[in-house]
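One structure is given below, encoded as structure tokens.
Here the structure is a predicted model, which is why all the values come from computation and not from measurement.
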Amino acid sequence: MSFSQQGPRAICIISATGAVSTATLHQDSDSGAVTYEGRFEILCLSGSYLVVEEGGTRTRSGGLCIALCGPDHRVIGGSVSGVLTAAGTVQVIVGSFMYGG
């Protein structure tokens, strides 16, 4: 997120590897956020953010989606609606695009 604050940029998360120990996810429109704790391997992380500055005010749009695998080999996923806490080293491949809007 701090990377996207460096100017008029669009940020795309292309992929990620590693594990998280805490993930707060929003899984469907009927339920609220659910927090998972434990060790979960990242299967897929993708999303994008666009930071727009207008009249001295910065606004951010976009979001992240993640799929995780737990120690019981169950797959969970959804939209990230809170903090993801790394359980070790996590590598994220990010694309950054300047825009003139």
Any non-hydrogen side-chain atom of Ile66 less than 4.5 Å from a side-chain atom of Leu45?
yes
If you take all heavy atoms of Gly47 and Leu64, which pair is closest and at what distance?
CA-CD2, 4.1 Å
Would Val80 and Leu25 count as a side-chain contact (heavy atoms from CB on, under 4.5 Å) if you check the C-alpha gap in whole Å, the side-chain angles of each, and the deciding distance to 0.1 Å?
CA-CA 5 Å; Val80 177; Leu25 306 177; 4.3 Å; yes
One should read off an interatomic distance between Tyr49 OH and Cys12 SG, to the nearest 0.5 angstrom, of 12.0 Å
Closest approach of Ala87 and Arg39, non-hydrogen atoms and distance?
CB-NH1, 3.5 Å
If I take atom OG1 from residue Thr24 and atom CG from residue Leu84, how far apart are they, to the nearest 0.5 angstrom?
7.5 Å
Which pair of non-hydrogen atoms, one from Ala19 and one from Val90, has the smallest distance, and what is that distance?
O-CG2, 3.4 Å
Starting from the C-alpha separation in whole Å, work towards a yes-or-no answer on side-chain contact (heavy atoms from CB on, under 4.5 Å) for Tyr36 and Ile76.
CA-CA 9 Å; Tyr36 296 94; Ile76 58 173; 3.6 Å; yes
Go through it in stages, so that I can follow the logic: the residues are Val75 and Leu68, the test is side-chain contact (heavy atoms from CB on, under 4.5 Å), and I'd like the CA-CA distance, side-chain angles, deciding distance and then a yes or no.
CA-CA 6 Å; Val75 175; Leu68 303 166; over 6 Å; no
For the OG atom of Ser48 and the CD1 atom of Ile14, what is their distance to the nearest 0.5 Å?
11.0 Å
Look up atom OG in Ser46 and atom CD1 in Ile13, then write down how far apart they are to the nearest 0.5 Å.
9.0 Å
Would Val83 and Thr22 count as a side-chain contact (heavy atoms from CB on, under 4.5 Å) if you check the C-alpha gap in whole Å, the side-chain angles of each, and the deciding distance to 0.1 Å?
CA-CA 8 Å; Val83 175; Thr22 305; over 6 Å; no
Looking only at heavy atoms, which two atoms of Ser81 and Ala33 are closest? And how far apart?
OG-CB, 3.4 Å
